[in-house]
Number of protein chains: 2
Amino acid sequence: MTYSYDYPRPAVTVDCVVFGLDPTNSLQVLLIQRRLPPFVEQWALPGGFVQLDEALEQAARRELQEESGISGLFLEQLKAYGQPHRDPRGHTVTVAFYALVNLWSYQIKAATDAKQARWWPMEQLPSLAFDHEKIVQDAIATLQASICHRPIGFELLPKKFTLTQLQRLYEIVLARPFDKRNFRKKLLKLNILIPLDEKETNVTHRAAQLYQFDQAKYMERQKTGFNFDL
Amino acid sequence: MTYSYDYPRPAVTVDCVVFGLDPTNSLQVLLIQRRLPPFVEQWALPGGFVQLDEALEQAARRELQEESGISGLFLEQLKAYGQPHRDPRGHTVTVAFYALVNLWSYQIKAATDAKQARWWPMEQLPSLAFDHEKIVQDAIATLQASICHRPIGFELLPKKFTLTQLQRLYEIVLARPFDKRNFRKKLLKLNILIPLDEKETNVTHRAAQLYQFDQAKYMERQKTGFNFDL
DNA sequence: CCAAAAGTGTTAAATTTACACCCATGT
DNA sequence: ACATGGGTGTAAATTTAACACTTTTGG
């Protein structure tokens, strides 16, 4: 390294707002109970210090893995937060990410994790450490905007899903109802859902058609000026 | 301060992608020629180190003021960049912002600035220091998305503008043509433009009606579920 | 046969697109 | 009078919104 600079530096952390949709159709956020000061015993977003020469997203994935055992999920940067007194230990800049998980797969792990990780329903979050409440609010706003313009909602569902599940997902995240017929028409016309040769099982009523998101076709059509848009 | 932590820390900087639209209808980006290593003499985004206990946006505004003399402009956070080797001096996380300026007002200042600040047309940027080319690309993409969904384009025009100026602005930023009649219909129907009792002056043809953006009305209508959208 | 959710089509309204000519002003 | 950009309307196509009943399956 040829040059150096020695200003006093803020600390740099990452924090993750992990959203999960569970089979009972409730949107959940993963929280960690802190064991160290500051804010001991309070609930907070999973996250921690960025190590030297570690990329931001990589740090976020590492912290998620360490604190909750989940990996390989959809992760996007949200925003950096650097208000001077957001951390009582001193000036700390945090880069927040949001992540999407389908709880059909991850439910067990997170629920039984030894490190005090727990899913909390969006509507009843406990009070949070630092400025994490603000971060969660920003994350839900960004999630709402993103889900309307890009096909990321599928990250919250199992690979094979029914149109009703998809509609519920949108209704939950956007907090508004959709008309069943119009919703189905619109989604099917986009032509990025593959109807499978399979139906729902273990239901006490007519079994629904299962679909799968066609990532490849979406990518292709995207290049030729195609928009997802709701 | 009750707690402390002494991990080795990445440095934290801010960088600004300042977009300006000039009267000849070209989209420009403000660049600074570096006087210190690394990347001496190369062009780069205005920016610099975040000081201890300084908020991120505040740091961005301070750097812009110091390096180019402009202040009071529209500024929004873009993204944080933290790839390990993006700065040869050592691990540095930068929080990038993008800003909008109307060059009808700022033209002189920036052009005559002693500190080697210069406007460059978007289509012919020089090669840039660090990963600033990537940052500029991300900024233009974000600008394009934002300008479609929120009325921020007005920040690039003088307070009083004509519909043709507005249309040109959209055409330049989005790099596609709009139909004159349809564009005017759409914008006027939004009902957030105030027609003034004034016309363009010093033109060699029929003088155009001047309009002003009605921020107040926009804010109101936004609360009652109203979207700008193109 | 009952309960529960799946699946399906039409119509009216609103929005979007395409398109061409006259107007006002300064030289 | 002419060059330059300002300003305007209509019709067709597409998209959206509203709305209710029949089907399938398991219990």
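Sequence lines set the chain letters: A, B, ... in the order given, protein chains first and strands last, and positions in each chain run from 1. Computed from a predicted model, the values in this text were never measured in an experiment.
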Atom pair distance, as rounded to whole Å: OH in A/Y211 and P in C/dA6: 12 Å
Given A/W104, A/F154, A/F213, the one that forms ring pair (Phe, Tyr, Trp, His ring centres under 6.0 Å) with A/F161: A/F154
Flag for B/Q222-B/T224: side-chain donor and acceptor within less than 3.5 Å: no
Side-chain donor or acceptor of A/D22 paired with backbone N/O of A/T24 under 3.5 Å: yes
Short N/O separations, protein against nucleotides 24-27 of chain C, under 3.5 angstrom:
none

Nucleotide C/dA5, atom C1' - distance to CG of A/L163 in whole Å: 13 Å
Pairing residues for A/R61 by the side chain to side chain donor-acceptor pair (under 3.5 Å) criterion, not counting sequence neighbours: A/E57
Rounded distance (nearest 0.5 Å) linking atom CD of A/E171 with atom CG of A/L27: 13.5 Å
Side chain B/E67, main chain B/G47, donor-acceptor under 3.5 Å: yes
Sugar-phosphate, base or nothing in reach of A/Q209, heavy atoms under 4.0 Å: sugar-phosphate
Covered region of DNA chain D, 5' end to 3' end, by chain A [heavy atoms, under 4.0 Å]: D/dT16 to D/dG27
Under 3.5 Å side-chain donor-acceptor pair for B/D138 and B/Y81: yes
Contacting residues from residues 179-193 of chain A, given that a heavy atom lies under 4.0 angstrom of DNA chain C: A/K180, A/R181, A/R184, A/K185
Any residue meeting salt bridge (charged side-chain N to carboxylate O under 4.0 Å, His left out) with A/E76, in chain and number order, not counting sequence neighbours: A/R150
CG-NZ distance between A/D179 and A/K185, expressed to the nearest 0.5 angstrom: 7.5 Å
Side chain to side chain donor-acceptor pair (under 3.5 Å) evaluation trace for A/S146 with A/Q144: CA-CA 6 Å; A/S146 302; A/Q144 288 176 337; over 6 Å; no
Sugar-phosphate only, base, or nothing, as touched by B/T162 at under 4.0 Å among non-hydrogen atoms: nothing
Interface with DNA chain D, restricted to residues 222-230 of chain B and to heavy atoms under 4.0 Å: none
Donor-acceptor pair, side chain of A/Q33 and main chain of A/E41, under 3.5 angstrom: yes
Any donor-acceptor N or O pair under 3.5 Å, side chains B/E133, B/Q137: no
From A/L45, A/V17, A/L56, A/I135, residue fulfilling side-chain contact (heavy atoms from CB on, under 4.5 Å) relative to A/F97: A/L56
